Amino acid sequence: MTFFEKLFNWLFFIGIILLFGRLLTLIFRLMDVPFTSFFRDYSVISLIILVVGAIGSEMIKGMKKK
C-alpha cells in the first residue's frame, strides 16, 4: 500500500506544479509576454495527472480509515 500511496501523492504534486505552469502561461499570454508553450501543449496530460493523483490519494485515505 505504501508504494501506491507515494505514487498517487507524487502524481498529485506533479499535477499541481503543471497546473501552476499552465496558469503562469495564461497570465503571460494575456500580457503578450513571450513564454514557453510547454504547458499549453501538454495541458490535457497535466490535467489527467492531477485528477488521477487526487482520486488515488483520496481512495488511499479512505482505505486507511477502515
Side-chain angles (χ1 to χ4, degrees):
M1 195 60 80
T2 305
F3 171 75
F4 286 115
E5 182 179 6
K6 288 181 181 179
L7 176 71
F8 289 132
N9 286 339
W10 273 105
L11 285 175
F12 182 71
F13 180 70
I14 292 169
I16 291 294
I17 291 173
L18 292 173
L19 177 66
F20 178 72
R22 286 178 28 212
L23 290 173
L24 194 62
T25 302
L26 176 67
I27 291 169
F28 281 136
R29 214 167 118 205
L30 292 175
M31 293 173 35
D32 291 330
V33 175
F35 193 67
T36 182
S37 65
F38 174 79
F39 296 106
R40 188 177 54 207
D41 296 339
Y42 295 103
S43 65
V44 174
I45 295 170
S46 66
L47 187 61
I48 291 171
I49 290 171
L50 179 63
V51 169
V52 168
I55 291 172
S57 294
E58 288 300 316
M59 286 178 60
I60 294 293
K61 286 179 187 176
M63 294 171 101
K64 280 186 169 182
K65 287 183 179 179
K66 289 184 179 182

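Model, not experiment: these values are computed from the prediction.
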Here's a test for you: under side-chain contact (heavy atoms from CB on, under 4.5 Å), which of Thr25, Leu24, Leu30 qualifies with Phe28? Leu24
Are Leu19 and Leu26 connected in the hydrophobic side-chain network, where two residues link if heavy atoms are under 4.5 Å apart? no
For the CE atom of Met63 and the CZ atom of Phe4, what is their distance to the nearest 0.5 Å? 9.5 Å
Residue pairs involving residues 10-21 (criterion side chain to side chain donor-acceptor pair (under 3.5 Å); sequence neighbours excluded): none
Contact check, side chains of Phe13 and Ile17, non-hydrogen atoms, under 4.5 Å: yes
Point-to-point distance, once rounded to the nearest 0.5 Å, from CD1 of Ile60 to OG1 of Thr2: 9.0 Å
One pair to check against side-chain contact (heavy atoms from CB on, under 4.5 Å): Ile16 and Phe20. What are the steps and the verdict? CA-CA 6 Å; Ile16 291 294; Phe20 178 72; 5.7 Å; no
Do any side-chain atoms of residues 48-58 form donor-acceptor pairs under 3.5 angstrom with protein atoms, and if so which ones, sequence neighbours left out?
from, atom 1, to, atom 2, distance (Å)
Ser57, OG, Asn9, OD1, 3.2
Ser57, OG, Gly53, O, 2.9

